[in-house]
Amino acid sequence: MDDCIIVSIKPKYKPLLFSKEKIHEFRNVIPKKRVKYICVYETSPIKELSYVLVVGEPIILPNLIIEDTYGKERFNSGEMNCKIAYPITNIYKFNPISLEDLKSNFNFIIPQSFIYLDSNPKLKSYLNNVDMKKIW
């Protein structure tokens, strides 16, 4: 999985993502490298890596989101304090990897804003070979 970042997301957003109510992933920090995939680490109480967002070209403020979606008004007005919105084109789920396994098997550090998957070759290799189920 090239051009991939790992981000932390609160578990409350997963149902919104899987139901297509939320079709953009909002971020404060703009990566220097191109992003095609976002691996999602769900924060407490879930504490696992279990799905990947396939994303398109990002919308960077002052450009605006046109589609009706969760967070559109707050992003467009600048109220959200996010600079970038990645349109999600697909979501894939895989067998969850717990934080304990991530730390012990992949020397994983929970991302504060994001980390490049390339910075963890062992985890990248694992994810490139894992079975994934398309959610949408």
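Owing to the predicted nature of the structure, the values given are computational and were not obtained by experimental measurement.
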### Task
Can you sort out the partners of E25 under side-chain hydrogen bond (donor to acceptor under 3.5 Å, both in side chains), two or more places apart, ordered by chain and number?
K22, R27

### Message
By the side chain to side chain donor-acceptor pair (under 3.5 Å) test, which pairs, at least two apart or in different chains, include something from residues 106-118?
### Response
D118-K124

### Query
Just by distance, do the side chain of K122 and the backbone of N105 share a donor-acceptor pair under 3.5 Å?
yes

### Task
Apply side-chain hydrogen bond (donor to acceptor under 3.5 Å, both in side chains) to D68 and list each qualifying residue two or more places apart in sequence or on a separate chain.
K72

### Task
Could I get the full list of side chain to side chain contact (heavy atoms under 4.5 Å, CB included) partners for K103, not counting sequence neighbours?
L99

### Query
Could you walk me through whether K12 and E42 pass the salt bridge (charged side-chain N to carboxylate O under 4.0 Å, His left out) check?
CA-CA 9 Å; K12 69 180 183 179; E42 288 183 85; over 6 Å; no

### Query
Between I115 and I109, is a side chain to side chain contact (heavy atoms under 4.5 Å, CB included) present by the stated rule, with each step listed?
CA-CA 9 Å; I115 56 175; I109 298 169; 5.7 Å; no

### Message
Is any side-chain heavy atom of L53 closer than 4.5 Å to one of I91?
### Response
yes

### Message
Applying side chain to side chain contact (heavy atoms under 4.5 Å, CB included) to I60 and I30, what does each step give before you reach the verdict?
### Response
CA-CA 9 Å; I60 301 171; I30 302 172; 3.9 Å; yes

#### Entry: Closest non-hydrogen atom pair, V55 against T89
N-OG1, 4.2 Å

### Message
For a quick test of reading the model, state the closest non-hydrogen atom pair linking N81 to N28 and the distance between them.
### Response
O-OD1, 2.6 Å

### Summary
For E21, the side-chain hydrogen bond (donor to acceptor under 3.5 Å, both in side chains) test, sequence neighbours excluded, returns S19

### Message
Test of understanding: with ring-ring contact (aromatic ring centres under 6.0 Å, His included), list the residues that count as partners of F94, not counting sequence neighbours.
### Response
none

